[in-house]
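Here the structure is laid out as structure tokens; the discussion comes afterwards.
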Amino acid sequence: MQSTLRPDGSGDGPEPPEDPRVTVVVASRDRRDDLLRTLGRHRARVILVDNGSTDGTVEAVRRAFPHVEVVELGRNLAAAGRSIGVRRATTPFVAFADDDSWWSPGSLAAAADALASAPAAGLVAVDVLVGAAERRDPFCDVLAASPLEGGGELLPGPRVLGFMACAAMVRRDAFLRAGGFDDVVRFPGEEERLAWDLTAQGAPPAYVAGPVVHHHPSPRRHDAAARRRAVARSRVLTGLLRLPRRDALVRVRQALVEDAATRRGALDAVRDLPGALRQRRVLPRHVLADIAQLDGSAPGAGDRPARGVAGSR
């Protein structure tokens with residue numbers, strides 16, 4: 001067996017699981033070098049879902065990390081690949097990591113304790129430190145300041161409608177009941193619809209201060225315009241999946257008038273329109289009210305993107 005890194009980057013693991021209640025699921029495609037740097041840092045059973053890599057990822061991971069369960073999809077399901085990993089897991093809690101992120105030592109156990117202490121919570125979102133400088137991701141402050149009521153003693157922290165997938169741990173059964181990550185939105189922005197559906201089923205996400213995920217963004221990332229285009233596509237499709245017709249059309253209009261990149265994103269959404277309509281189910285009133293509160297306006301009355309609703313990476 002080839003040696004693996006301990007979470008501090010030294011030694012020859014693998015480390016024993018930090019918490020037997022937790023599995024880490026990673027979905028990746030053509031990020032072999034990133035995975036070889038991060039997989040050894042996960043102090044848990046790891047399931048890698050490979051979305052059809054062509055760069056030798058599967059072979060390299062199996063050589064370097066024979067303890068990692070590799071699921072070869074042979075095609076790119078993007079974020080929906082994580083749902084396959086969750087179904088393969090046998091633990092009550094599943095943490096997500098990207099190929100360029102890992103949970104700090106002790107954080108998996110702390111997040112699992114938070115979920116175990118609050119059976120009403122379907123997901124906990126934790127803090128993210130970015131890069132070698134360990135800069136706190138500003139989205140963490142958005143989550144920490146969530147104005148949504150209904151947390152109290154039922155949740156381990158503020159109730160939220162957003163999270164970053166690479167810094168979230170889910171209650172496996174709640175995640176699966178909510179449908180997991182879908183094959184319509186795919187990536188990025190896959191968090192929004194899941195957060196809405198968890199809330200609709202009575203297992204809302206909560207923000208928990210303390211546990212930390214380290215995120216060292218891969219250099220192989222889209223430029224800013226491509227990112228805006230992809231996010232606009234996801235916002236349009238998420239609206240079509242779950243918002244009343246008027247509010248869904250507001251999102252389309254926002255994308256069309258903002259800039260060239262978001263207009264392209266709205267056009268990209270057209271090819272997935274049939275799938276979105278097949279899976280369309282309007283959210284219950286209390287979730288729509290939460291979205292409106294974060295947006296700062298009544299449903300359908302404003303054209304601003306909802307504040308703190310979708311994940312940010």
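By convention here, the first residue in the shown sequence is residue 1. These figures come from a predicted structure and were not determined experimentally.
The side chain to side chain donor-acceptor pair (under 3.5 Å) contacts involving residues 44-53 comprise R45-E69, D50-S53, where partners must be two or more places apart or lie in separate chains. Residue pairs meeting the side chain to side chain donor-acceptor pair (under 3.5 Å) criterion with at least one partner in residues 149-162, sequence neighbours excluded, are R159-D290.
Distance CZ/R29 to CG/N76: 4.5 Å, rounded to 0.5 Å. Going from atom OG1 of T199 over to atom CG of L283 covers 9.0 Å, rounded to the nearest 0.5 Å. Summarising the geometry, atom CZ belonging to R263 is positioned 13.0 Å from atom CG belonging to D268; distances are rounded to the nearest 0.5 Å. Between the CG atom in L161 and the CG atom in L148 there is a gap of 5.5 Å [rounded to 0.5 Å]. The distance from the CZ atom of R228 to the CG atom of D223 is 8.5 Å, given to the nearest 0.5 Å. Distance check, rounded to the nearest 0.5 Å: CZ of R43 to CH2 of W102 gives 14.5 Å.
Under a 3.5 Å cut-off, the side chain of T38 and the backbone N or O of D99 do form a donor-acceptor pair. Listed for the E18 side chain is a donor-acceptor partner under 3.5 Å among the backbone atoms of L108. A donor-acceptor pair under 3.5 Å links the side-chain atoms of R280 to the main chain of L240, judged by distance alone. S234 contributes a side-chain N or O that, together with a main-chain N or O of P188, makes up a donor-acceptor pair within less than 3.5 Å. A donor-acceptor pair under 3.5 Å links the side-chain atoms of R171 to the main chain of L115, judged by distance alone. In terms of modelled atom types and a separation under 3.5 Å, the side chain of S146 and the main chain of V142 share no donor-acceptor contact. When atom types are taken as modelled, the side chain of R242 and the backbone of L288 share no donor-acceptor pair closer than 3.5 angstrom. No donor-acceptor distance shorter than 3.5 angstrom exists from the side chain of R235 to the backbone of R251, with no hydrogens or angles considered. Side-chain atoms of T262 come within 3.5 Å of backbone N or O of A255 as a donor-acceptor pair.
With sequence neighbours left out, D183 forms a salt bridge (charged side-chain N to carboxylate O under 4.0 Å, His left out) with no residue at all. Qualifying side-chain contact (heavy atoms from CB on, under 4.5 Å) partners for R264, counting only residues two or more places apart in sequence or in other chains: R229, A260. With sequence neighbours left out, the ring pair (Phe, Tyr, Trp, His ring centres under 6.0 Å) criterion links Y207 to no other residue. Applying the side-chain contact (heavy atoms from CB on, under 4.5 Å) test to A178 and every residue at least two apart in sequence or in another chain returns L194, D197, L198, Q201. By the side-chain contact (heavy atoms from CB on, under 4.5 Å) test, S101 pairs with A97, D98, C166, V213, H215, sequence neighbours left out. For P92, the side-chain contact (heavy atoms from CB on, under 4.5 Å) partners two or more places apart in sequence, or in a different chain, are R21. Among residues two or more places apart in sequence or in another chain, the salt bridge (charged side-chain N to carboxylate O under 4.0 Å, His left out) test is passed with R62 by E72. Every residue was checked against the salt bridge (charged side-chain N to carboxylate O under 4.0 Å, His left out) condition with D33, not counting sequence neighbours, and none meets it. Listed by chain and number, the residues in a ring pair (Phe, Tyr, Trp, His ring centres under 6.0 Å) with F93 amount to none (sequence neighbours excluded). The salt bridge (charged side-chain N to carboxylate O under 4.0 Å, His left out) check on R75 picks up nothing, with sequence neighbours excluded.
Under a hydrophobic-cluster definition in which Ile, Leu, Val, Met, Phe, Trp and Tyr are linked whenever side-chain heavy atoms come within less than 4.5 Å, directly or via other members, V128 and F139 are assigned to the same cluster. Linking Ile, Leu, Val, Met, Phe, Trp and Tyr whenever their side-chain heavy atoms come within less than 4.5 Å leaves L237 and V282 in two separate clusters. Transitive grouping of hydrophobic side chains (ILVMFWY, heavy atoms separated by less than 4.5 Å) keeps L241 and L176 in distinct clusters. In this structure, V71 is a member of the same hydrophobic cluster as L77, with clusters built from ILVMFWY side-chain heavy atoms closer than 4.5 Å. V212 and V208 fall into different hydrophobic clusters, where Ile, Leu, Val, Met, Phe, Trp and Tyr residues are linked whenever their side-chain heavy atoms come under 4.5 Å apart, directly or through other members.
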Steps toward side-chain contact (heavy atoms from CB on, under 4.5 Å) verdict (L143, V160): CA-CA 6 Å; L143 297 178; V160 296; 4.0 Å; yes
side-chain contact (heavy atoms from CB on, under 4.5 Å) assessment of L39 paired with V46: CA-CA 8 Å; L39 280 179; V46 178; 4.0 Å; yes
R136 and V130: CA distance, side-chain angles, deciding distance, side-chain contact (heavy atoms from CB on, under 4.5 Å) verdict: CA-CA 6 Å; R136 178 179 167 86; V130 181; over 6 Å; no
Full working for side-chain contact (heavy atoms from CB on, under 4.5 Å) between V22 and V94: CA-CA 5 Å; V22 179; V94 177; over 6 Å; no
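When all heavy atoms of F187 and R233 are compared, the closest pair comes out as O-NH1, 4.2 Å. The shortest non-hydrogen separation linking H214 to S104 is NE2-CB, 3.7 Å. Scanning both residues, S28 and L48, for their nearest heavy atoms gives CB-CD1, 4.1 Å. The minimum heavy-atom distance between A110 and P211, with the atom names listed, is CB-CG, 3.8 Å. A78 approaches A27 most closely through the heavy-atom pair O-CB, 4.4 Å. Of all heavy-atom pairs between V124 and P156, the closest is CG1-CG, 3.9 Å.
Here the side chains of V26 and F96 are not in contact, with every heavy-atom distance at 4.5 Å or above. Between L35 and T57 the shortest side-chain heavy-atom distance falls below 4.5 Å. Counting heavy atoms from C-beta on, the side chains of L123 and F163 come closer than 4.5 Å. Taking the side chain as every heavy atom from C-beta outward, E190 and D182 never approach each other to under 4.5 Å. The closest side-chain heavy-atom distance from R186 to D272 is below 4.5 Å. Using a 4.5 Å heavy-atom cutoff, the side chains of H216 and R37 are not in contact. Side-chain contact between V126 and W103: present, with at least one pair of heavy atoms (C-beta onward) separated by less than 4.5 Å. Counting only heavy atoms from C-beta outward, the side chains of R41 and P105 never approach each other to under 4.5 Å.
Between D173 and R177 there is a salt bridge, since a side-chain N of the basic residue sits under 4.0 Å from a carboxylate O of the acidic one. Between D55 and R31, no side-chain nitrogen of the basic residue sits less than 4.0 Å from a carboxylate oxygen of the acidic one, so the salt-bridge criterion is not met.
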